[in-house]
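A short worksheet on the structure shown next.
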Amino acid sequence: MNQATTQQQSSRQTAKRALVTGGSGGIGAAICRQLAASGHAVLIHANRQLDRAEALAAEIVAAGGAASALSFDVTDADATRAALEAELAHGAIQIVVNNAGIHADAVFPGMSATQWHSVIDVSLNGFFNVTQPLLMPMIRTRWGRIINISSVAAITGNRGQVNYSAAKGALHSATKSLALELASRKITVNAVAPGIIDTDMSEGSFDADAIKKMVPMQRAGRPEEVADLVGFLASDNAAYISGQIISINGAMI
Ligand code: NDP
């Protein structure tokens, strides 16, 4: 293959419809901006902060991109399915970023059942509720990208986060199994495991000194840095990467 053909192939990227859960949050918003800049039509999902998703959609549209906002609670299977079916009436959603997440930290002896179930419900059951209804339409197109945002806590464990690391660790296993199921349909499934990223979620959990001690690069990551990785995984160029857990953590592990 000559160099010109290779370059042509590496720059080709067809616009797709993309859903980003938790697009109203810090990392999700950066992912929405990145996917929109790559030419995709982005469905910006929110739960309680629909106003933030709407403002982001307006910003993207004003910059010449395609975006709209929608809201549902990913733990509510019926509401999630209804919202997604309404969107699927306009065509398949070929990129899904399962990014919505919460934490409810407590050392395990003091962890309430609510803290346990709520975190599992958003990260793990939310992954099922969102991804499963999108799959058959995606499979029919023979092209898809499923990207699950997990956490370094799923790899190393973290005190006070038995619930969170269990939910994100289960997402890693689900990523690997689903990648095997979908490989022959040209759909990739990967997890991105961030370390400490500068958003509302991490604010208050770590001060600058703690970050310097924990992170060899001595700073928190930026949401845009996570978004660039997600953008690459969503691209045609990442067609042969699947079933992987990809860390982005400033050399923490
Ligand atoms: P934010 O708190 O900024 O955003 C969380 C997002 O999740 C919001 O958009 C929120 O929607 C949405 N969400 C929460 N609960 C629900 C629900 N029940 N149904 C639907 N959506 C819900 O967090 P980050 O941007 O920091 O985190 C994004 C992802 O990255 C999470 O999965 C998190 O676990 C992971 N992560 C973050 C790290 C960090 O340091 N920030 C490190 C490692 C992983 P709304 O606000 O509209 O209610």
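In what follows, every heavy atom counts, from backbone to side chain, and hydrogens, waters and symmetry copies are set aside. Note that the numbering runs from 1 along the sequence shown for the chain. Owing to the predicted nature of the structure, the values given are computational and were not obtained by experimental measurement. Numbering of ligands and ligand atoms starts at 1, following listing order.
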ask   = Should Val122 be counted as touching ligand 1, given the test is an N or O pair under 3.5 Å?
value = no
Distance, nearest 0.5 Å, that separates CD1 of Ile187 from CZ of Arg145 = 9.5 Å
task = Apply the test side-chain contact (heavy atoms from CB on, under 4.5 Å) to residues Ser118 and Ile102: give CA-CA distance (whole Å), side-chain angles for both, the deciding distance (0.1 Å), then the verdict.
result = CA-CA 8 Å; Ser118 61; Ile102 59 167; 4.0 Å; yes
remark   = Contacts of Ala193 meeting side-chain contact (heavy atoms from CB on, under 4.5 Å) (sequence neighbours excluded), chain-then-number -> Ser150, Ile155, His172, Ile245, Ser247
key: Row check, Trp143 ring normal vs Arg140 NZ/CZ: under 6.0 Å, within 45°   = no
ask   = Is there a heavy atom in Ser150 that sits closer than 4.0 Å to ligand 1?
value = yes
ask   = What protein heavy atom is closest to atom 23 (O) of ligand 1, reported as residue, atom name and distance in Å?
value = Met201 CB, 3.5 Å
remark   = Heavy-atom nearest pair, Thr141 first then Met138, reads OG1-O, 2.7 Å
ask   = Taking NZ, NE, NH1 and NH2 as the nitrogens, is one of them in Glu59 or Arg33 under 4.0 Å from a carboxylate oxygen of the other?
value = yes
inquiry  = When you compare ligand 1 with Leu50, is there at least one nitrogen or oxygen pair between them that comes in under 3.5 angstrom?
reply    = no
task = Any atoms of ligand 1 less than 4.0 Å from a non-hydrogen atom of Asp73? List them with their elements.
result = 17 (C), 18 (N), 19 (N)
query = Atom NZ of Lys168 and atom CD1 of Ile120: how far apart are they, to the nearest 0.5 Å?
reply = 11.0 Å
inquiry  = Please report whether ligand 1 has a polar contact with Ile196, defined as an N or O pair separated by less than 3.5 Å (distance criterion only).
reply    = no
request  = Mind checking the CZ-OG1 spacing from Arg222 to Thr199? Nearest 0.5 Å is all I need.
outcome  = 14.0 Å
inquiry  = Quick test: of every protein heavy atom, which one is nearest to atom 3 (O) of ligand 1, and how far off is it to 0.1 Å?
reply    = Gly26 N, 3.0 Å
note = Among Ser202, Gly195, Ser151, closest by heavy atom to atom 42 (C) of ligand 1 is Gly195
message = Could you measure the distance from the CD1 atom of Ile149 to the CD1 atom of Ile27? Nearest 0.5 Å is fine.
response = 7.0 Å
key: Numbered atoms of ligand 1 (with element) below 4.0 Å of His45, judged on heavy atoms   = 20 (C), 21 (N)
key: Taking atom 36 (N) of ligand 1 as the reference point, the nearest protein heavy atom with its distance   = Tyr164 OH, 3.5 Å
request  = Starting from atom 46 (O) of ligand 1, locate the nearest protein heavy atom and write down its residue, its atom name and how far away it is, to 0.1 Å.
outcome  = Gln49 NE2, 2.8 Å
note = The closest protein heavy-atom partner of atom 37 (C) of ligand 1 is Ile27 CD1, 3.7 Å
query = Going by the atom numbers of ligand 1, which of them fall below 4.0 Å from some non-hydrogen atom of Ser24?
reply = 8 (C), 9 (O), 11 (O), 45 (P), 46 (O), 47 (O)
ask   = At the 4.0 Å heavy-atom cut-off, does Thr21 count as touching ligand 1?
value = no
note = Rounded to the nearest 0.5 Å, the CG atom of Asp228 sits from the CD1 atom of Ile31 at a distance of 10.5 Å
request  = Indicate the atoms forming the closest heavy-atom contact of Ala234 with Ile147, along with that distance.
outcome  = N-CD1, 3.9 Å
ask   = If you count the atoms of ligand 1 from 1 in the order shown, which ones are under 4.0 Å from a heavy atom of Ala46?
value = 47 (O)
ask   = Does Arg52 have a heavy atom less than 4.0 Å from any atom of ligand 1?
value = no
ask   = Are any of the N or O atoms of Gly28 closer than 3.5 Å to those of ligand 1?
value = no
query = CG of Leu171 to CG of Leu178: how many Å apart, nearest 0.5 Å?
reply = 10.5 Å
message = For atom 48 (O) of ligand 1, what's the nearest protein heavy-atom neighbour? Residue, atom name and distance, please.
response = Arg48 N, 2.8 Å
request  = Under 4.5 Å between side-chain heavy atoms, chaining through other members, with only Ile, Leu, Val, Met, Phe, Trp and Tyr counted: pull out the rest of the cluster around Val61, sorted by chain and number.
outcome  = none
request  = Any atoms of ligand 1 less than 4.0 Å from a non-hydrogen atom of Phe72? List them with their elements.
outcome  = 19 (N), 20 (C)
query = Starting from atom 14 (C) of ligand 1, which protein heavy atom do you reach first, and at what distance in Å?
reply = Ile102 CG2, 3.5 Å
key: Top protein contact for atom 24 (P) of ligand 1, by heavy-atom distance   = Thr199 OG1, 3.6 Å
ask   = With a 4.0 Å cut-off on heavy atoms, is His103 touching ligand 1?
value = no
remark   = Under 4.0 Å from one or more heavy atoms of Ile197, ligand 1 contributes atoms 39 (C), 40 (O), 41 (N)
query = For atom 22 (C) of ligand 1, which candidate among Val152, Val192, Asn47, Asp76 provides the closest heavy atom?
reply = Asn47
task = Evaluate the salt bridge (charged side-chain N to carboxylate O under 4.0 Å, His left out) criterion for residues Asp200 and Arg52: first the C-alpha distance (whole Å), next the side-chain angles of each, then the deciding distance (0.1 Å), finally the verdict.
result = CA-CA 13 Å; Asp200 289 352; Arg52 279 210 200 184; 3.3 Å; yes
